[in-house]
There are 2 protein chains.
Amino acid sequence: MPTYSDNGPDPSEQDTNLPPPEQHARQYAAVRDAHETELIEDYVELIGDLLDHAGEARATDIAARMGVRQATVARMIRRLNDQGLVTNEPYRSIFLTERGRAMAEESRKRHGVVLQFLRSLGVDDATARIDAEGMEHHVSETTLGIMHAFTRSQNKAGD
Amino acid sequence: MPTYSDNGPDPSEQDTNLPPPEQHARQYAAVRDAHETELIEDYVELIGDLLDHAGEARATDIAARMGVRQATVARMIRRLNDQGLVTNEPYRSIFLTERGRAMAEESRKRHGVVLQFLRSLGVDDATARIDAEGMEHHVSETTLGIMHAFTRSQNKAGD
DNA sequence: AAACTTTTTTAGCCAAGGCTAAACTGTGCA
DNA sequence: TGCACAGTTTAGCCTTGGCTAAAAAAGTTT
């Protein structure tokens with residue numbers, strides 16, 4: 001178990017001051033907001049991937065890849081439909097609306113940037129995939145841009 | 001709105017293959033697991049910070065900093081108590097148990113590493129704080145170690 | 001000491017996202 | 001053609017984590 005206390009400047013020794021209460025609250029609010037959209041985005045992204053890769057997105061496959069039951073997927077699909085992100089007729093495959101496609105594309109891109117960034121930092125593939133899945137929804141546009149630039153510079157340097 | 005499609009190797013162009021279903025499911029399961037402990041850790045970390053910084057952790061302050069109502073805090077405190085992370089007598093300040101202190105310390109360290117890493121990447125302070133808050137629970141030990149090393153090397157280079 | 005204010009707690013509502021069980025639809029094969 | 005099985009949907013349960021409203025305790029002020 002690493003302790004990060006060997007020597008040199010220690011990044012875990014941040015300035016010990018707490019942010020002012022309102023700013024602090026905004027930080028947590030941002031996390032809560034992210035959580036609300038997170039799962040929606042994951043479903044939409046996965047449906048997009050399945051459509052691209054397998055030609056269709058069936059509830060069974062979504063359930064298997066999400067690691068949840070089909071009943072859970074069915075209800076989520078209804079919610080996505082309510083929000084105008086997918087179209088679905090009973091017992092048929094699921095398709096993305098224009099908005100759904102846009103969200104899937106956005107999500108896929110964001111996911112890709114984070115994943116490649118982690119890899120270019122030197123994180124092994126399996127770990128990078130897990131971390132990217134969790135991190136992707138919490139990375140701001142600003143940070144995403146910086147990650148993208150970093151990855152590109154690393155790749156260039158690696159040539 | 002950045003498109004990440006200017007030129008050069010594009011990190012968003014990841015290999016298009018989906019992971020095998022079981023691995024994919026494990027990734028999502030990891031995210032769900034993280035979500036379960038996330039809020040607990042945030043509360044414990046905040047309580048630890050308040051104890052260190054203000055000498056006591058009162059429900060009002062926790063509520064203000066979390067950006068939620070006191071009723072929400074009260075119920076969460078009971079849950080933390082049930083899990084053996086805090087001790088509290090009615091109408092008194094809250095304290096951490098040994099386990100709670102360990103979790104707070106762990107969390108604080110992790111948070112610090114991620115925050116400093118983002119800063120040393122060049123992310124502005126306000127953004128780094130928000131992103132760190134969300135990312136911290138989704139960063140594996142492996143990645144955390146790499147972030148820590150990166151930050152130290154950057155700081156050294158910056159001298 | 002009594003009254004008022006603040007803090008804490010409790011009770012109860014709601015939505016989200018898991019689950020199981022059971023009903024229903026569609027498909028493929030005898 | 002009809003039947004069995006796989007896939008899908010619905011119904012209903014549970015926990016979590018927000019909320020408001022109201023009760024109870026603590027603290028403060030006159």
Side-chain angles (χ1 to χ4, degrees), chain A residues 21 24-47 50 54-83 85-95 133-134 137, chain B residues 21 24-47 50 54-83 85-95 133-134 137:
Chain A
H24 213 166
R26 272 196 301 277
Q27 288 175 28
Y28 286 117
V31 174
R32 284 195 297 271
D33 284 354
H35 281 167
E36 272 185 30
T37 51
E38 197 162 328
L39 194 59
I40 302 271
E41 285 177 15
D42 282 342
Y43 270 91
V44 168
E45 183 182 355
L46 176 55
I47 291 167
L50 285 171
E56 61 175 4
R58 304 180 62 83
T60 309
D61 299 333
I62 298 173
R65 287 188 177 272
M66 276 292 185
V68 299
R69 297 296 178 176
Q70 293 188 14
T72 302
V73 171
R75 198 183 32 185
M76 186 58 72
I77 297 303
R78 188 154 23 122
R79 235 185 108 199
L80 297 180
N81 192 323
D82 291 347
Q83 300 197 11
L85 293 164
V86 308
T87 58
N88 65 313
E89 299 149 51
Y91 299 98
R92 288 271 118 69
S93 176
I94 295 136
F95 296 97
E133 194 65 66
H137 304 283
Chain B
H24 212 167
R26 271 196 301 276
Q27 287 175 28
Y28 287 117
V31 174
R32 282 194 298 271
D33 284 353
H35 282 168
E36 273 185 30
T37 51
E38 196 162 332
L39 196 58
I40 302 271
E41 286 177 15
D42 282 341
Y43 271 90
V44 168
E45 184 183 354
L46 176 56
I47 290 168
L50 285 172
E56 61 176 1
R58 303 179 63 83
T60 307
D61 299 334
I62 298 173
R65 288 190 176 272
M66 275 292 183
V68 300
R69 297 296 177 176
Q70 293 187 14
T72 302
V73 171
R75 197 182 32 186
M76 187 59 71
I77 298 304
R78 189 157 20 129
R79 237 183 106 200
L80 296 181
N81 191 324
D82 291 347
Q83 300 197 10
L85 293 164
V86 306
T87 59
N88 65 313
E89 299 150 51
Y91 299 97
R92 287 270 117 68
S93 176
I94 295 137
F95 295 96
E133 194 65 66
H137 304 282

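Values reported hereafter were calculated over all heavy atoms of this structure, with side chains retained and with hydrogens, waters and symmetry mates removed. Residue numbering restarts at 1 for every chain, and letters A, B, ... go by the order of the sequence lines.
Closest heavy-atom contact between A:A59 and A:I94: N-CD1, 4.4 Å. Here the closest heavy-atom approach between residue A:I47 and residue A:A57 is recorded as CG2-CB, 3.9 Å. Shortest non-hydrogen contact noted between A:I77 and A:I62 is CD1-CD1, 4.3 Å.
Between the P atom of C:dG18 and the CG atom of A:D42 lies a distance of 10 Å, rounded to the nearest Å. Whole-Å rounding puts the A:N88 CG to D:dT8 C1' distance at 11 Å. Atom pair B:D82:CG and D:dT16:C1' shows a separation of 14 Å (rounding to whole Å applied). Taking atom CD1 of residue B:I77 and atom C1' of nucleotide C:dT7, one finds them 14 Å apart after rounding to whole Å. Between A:H35 atom NE2 and C:dG18 atom C1' the separation is 16 Å, expressed in whole Å. Counting to the nearest Å, the P atom of D:dT8 and the CZ atom of A:R78 are 15 Å from each other. Whole-Å rounding puts the B:E36 CD to C:dG18 P distance at 10 Å.
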* Using a cut-off of 4.0 Å between protein heavy atoms and nucleotide atoms, how would you tag nucleotides 23-28 of chain C 5' to 3' with B, S and -? -> -BSSS-

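Distance check, rounded to the nearest 0.5 Å: CZ of A:R58 to CZ of A:R92 gives 9.0 Å. Note that CG of B:L39 and CZ of A:R32 are 8.0 Å apart. Values are rounded to the nearest 0.5 Å. Atom CD in A:E133 sits 9.0 Å away from atom CD in A:E38 (nearest 0.5 Å).
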Using a cutoff of under 3.5 Å, can you pull out all pairs of nitrogen or oxygen atoms linking the protein to nucleotides 12-16 of chain C, with atom names and distances?
none

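Evaluation of the side chain to side chain donor-acceptor pair (under 3.5 Å) rule for B:D42 yields B:H137 as partners, not counting sequence neighbours. Contacts of B:D61 classified as side chain to side chain donor-acceptor pair (under 3.5 Å), with partners at least two apart in sequence or in another chain: none.
Of the residues in residues 61-73 of chain A, those with a non-hydrogen atom less than 4.0 angstrom from any atom of DNA chain C are A:V68, A:R69, A:A71, A:T72.
Of the side-chain N and O atoms in B:T60, none sit less than 4.0 angstrom from OP1 or OP2 of C:dT6.
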Donor-acceptor pairs are to be reported for all side-chain atoms of residues 64-75 of chain B against protein atoms at under 3.5 Å, with residues two or more places apart or in another chain.
from: B:R65; atom 1: NH1; to: A:P19; atom 2: O; distance (Å): 2.5
from: B:R65; atom 1: NH1; to: A:H24; atom 2: ND1; distance (Å): 3.0
from: B:Q70; atom 1: NE2; to: B:T60; atom 2: OG1; distance (Å): 3.4

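Residue-level contact check: B:A59 touches the backbone only, with heavy atoms under 4.0 Å from sugar-phosphate atoms and none from bases.
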* Can you check side-chain contact (heavy atoms from CB on, under 4.5 Å) on A:L46 and B:Y28, steps first, answer last? -> CA-CA 11 Å; A:L46 176 55; B:Y28 287 117; 4.2 Å; yes

